[in-house]
Amino acid sequence: MAKTSQVSGFYKLKREERLSKVAEFAGLTDQEAKTLEEGLGLEQAEKMVENVVATFRLPLGIAVNFLINGKEYMIPMATEETSVVAAASNAAKLCRPTGGFKAESTEPIMTGQIQLLTKDAKKAKKAVEGNKNKILELANTKDPRLISLGGGAKDLEARIIKTGKGDMVIIHLYVDVKDAMGANAVNTMCEAVSHLIEELTGGKTLLKIISNLADRRLARSEVTVSKNELGGLDVVDAIIDAYEFAAADPYRAVTHNKGAMNGITAATIATGNDSRAVEAGAHAYAAMKGRYTTITSWEKDKNGNLHGKIEIPLAVGIVGGATMNPSARVNLKILGVKTAKELSEVIASVGLAQNLAALRALSTEGIQRGHMSLHAKNIAMMAGAKGGDIDRVAEAMVMERNINVNRAKEILEEKQHG
Ligand code: MEV
């Protein structure tokens, strides 16, 4: 039977059953499933950061139903926020009948910045650009492994920027980092070429560091959602009205983008990638046209169906750094991604799905209903409900729109006495 990420009633299964479905989908060994359950060990944690005293855990949920470029994906998501995993799964399900997500990405080119202080910016810019090959060659002596894989410093640019302390020359080193996130490789190269740049220009280099605005490492995804799946033309129109609000208003755009980042960040963390770099890059990219706006866009196609797109910088890797931690390795195996490019395409699609789910909920029943059901379950448990009573009490409170511990206790007692 062909492998599918569509598991009906996945959310209704017991946790162990869900894990075994995922293990079956991804071909996980018993040890890998155990690694996932145990999470990051203390010994490992001590090798990652300083002054470790413990580990801090997040729930790891699996979003199902994702079909991207014709391939089935289950998405590991590390998040503390209720409804995010369910919303991503539901949105991905809506997108399946029309073929799922179509995603693509640029080559994984990261930008390194070298700040050059000099008296004559124009002359220095010329000297750097005139010696481009020499600088690139030196940069490329620093990472023979990356070069052997076809990566390395590929190009360079010198920009003059106006600052409060006069003109400065900012040299951009463009590095193909292949399957890594790339910060280490890029920072090492920037430091390595700085002396040569000083010699060539007579100036003084100061900062040498990667830029998190990875606008040469973009991931894009698009999707068409049938109006019938969404609940009709009115829902399509309402989603577009909601989108236009965000596109025009930064106060709304930031929340709209935050919703997409709920999915992007959760998958980024689950794969051991740097979520702060991804967040910073996405929000900066949203302001690239001189005004902060949305990272997604939605329109109605000629058949009245909804068409959405996302484009963001996604500096995520599948080798190196914290992607090597055992849980991240298992999550990458669940995803089944073969390259960092593929990972970025999957994560962009998750962001688009998450945004779709939020816009659909907000423009129809409102967001609170979905959020309320897990909240109600927690309240039911606090009131002492166990087993099947948890769902029964929670559902009754959600129906009544009256969710509190006293009411939960009353409903429990009604059953006992009735
Ligand atoms: C909540 O985490 C995310 C939303 O606010 C996103 C949005 O408003 O589009 C629901």
Side-chain angles (χ1 to χ4, degrees), residues 11 58-63 65-66 75-95 101 221-223 225 229-231 234-270 275-276 278-287 291-300 306-312 314 347-378 398 401 403:
Y11 69 99
L58 279 177
L60 181 80
I62 303 286
N65 302 327
F66 274 83
I75 316 285
M77 299 176 81
T79 180
E80 88 299 345
E81 186 168 330
T82 304
S83 300
V84 164
V85 181
S89 303
N90 289 337
K93 193 171 174 188
L94 294 177
C95 299
F101 300 85
S221 181
E222 60 181 306
V223 75
V225 201
E229 288 293 321
L230 283 167
D234 287 353
V235 180
V236 174
D237 285 330
I239 290 176
I240 293 169
D241 287 345
Y243 156 67
E244 292 293 350
F245 168 20
D249 176 24
Y251 287 93
R252 172 59 203 150
V254 73
T255 320
H256 174 108
N257 290 343
K258 188 272 182 186
M261 297 312 289
N262 277 343
I264 292 170
T265 301
T268 299
I269 293 175
S275 58
R276 287 86 55 218
V278 169
E279 292 269 355
H283 291 289
Y285 194 66
R291 181 175 66 81
Y292 186 86
T293 186
T294 57
I295 54 173
T296 64
S297 63
W298 296 95
E299 60 181 16
K300 188 160 57 176
L306 183 69
H307 183 74
K309 287 190 214 163
I310 186 167
E311 179 180 278
I312 43 163
L314 260 171
I347 295 182
S349 305
V350 175
L352 189 60
Q354 205 75 57
N355 181 230
L356 168 64
L359 293 187
R360 182 169 183 241
L362 285 166
S363 61
T364 54
E365 62 182 14
I367 208 82
Q368 286 308 88
R369 207 179 120 85
H371 279 230
M372 279 305 116
S373 114
L374 260 190
H375 172 60
K377 281 186 198 171
N378 285 329
V398 170
R401 292 176 182 259
I403 303 171

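Source: prediction; values computed, not measured. For ligands, and for the atoms within them, numbers begin at 1 and follow the listed sequence.
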Go through Trp298 and Leu352 one step at a time and tell me if the side chain to side chain contact (heavy atoms under 4.5 Å, CB included) criterion holds. CA-CA 10 Å; Trp298 296 95; Leu352 189 60; 3.6 Å; yes
[X] versus [Y]: any side-chain heavy-atom pair under 4.5 Å?
X: Tyr292; Y: His283; value: yes
X: Val225; Y: Leu356; value: yes
X: Leu94; Y: Leu230; value: yes

Could you tell me which atoms of ligand 1, counted from 1 in the order shown, lie closer than 4.0 angstrom to a heavy atom of [X]?
X: Arg252; value: 7 (C), 8 (O), 9 (O)
X: His256; value: 9 (O)
X: Ala358; value: 6 (C), 9 (O)
X: Glu81; value: 1 (C), 2 (O)

How does Met261 reach ligand 1, by side chain, by backbone, by both or by neither, if only non-hydrogen atoms under 4.0 Å count?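 The answer is neither; Met261 stays 4.0 Å or more away.
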Of the side chain and backbone of Leu362, name the one, both, or neither that has a heavy atom under 4.0 Å from an atom of ligand 1.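 Just the side chain.
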Would you say Asn355 and ligand 1 have an N/O pair spaced under 3.5 Å apart?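 N/O-N/O distance under 3.5 Å: no.
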Would you check the N or O atoms of Lys258, main chain and side chain alike, for any that come under 3.5 Å of an N or O of ligand 1? yes
Test Thr296 against every option in Glu311, His256, Gln354, Glu222 by the side-chain contact (heavy atoms from CB on, under 4.5 Å) rule and name the one that passes.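 For Thr296, the side-chain contact (heavy atoms from CB on, under 4.5 Å) test succeeds with only one of Glu311, His256, Gln354, Glu222, which is His256.
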Quick one: CG on Leu362 to CZ on Arg252, what's the gap to the nearest 0.5 Å? 5.5 Å
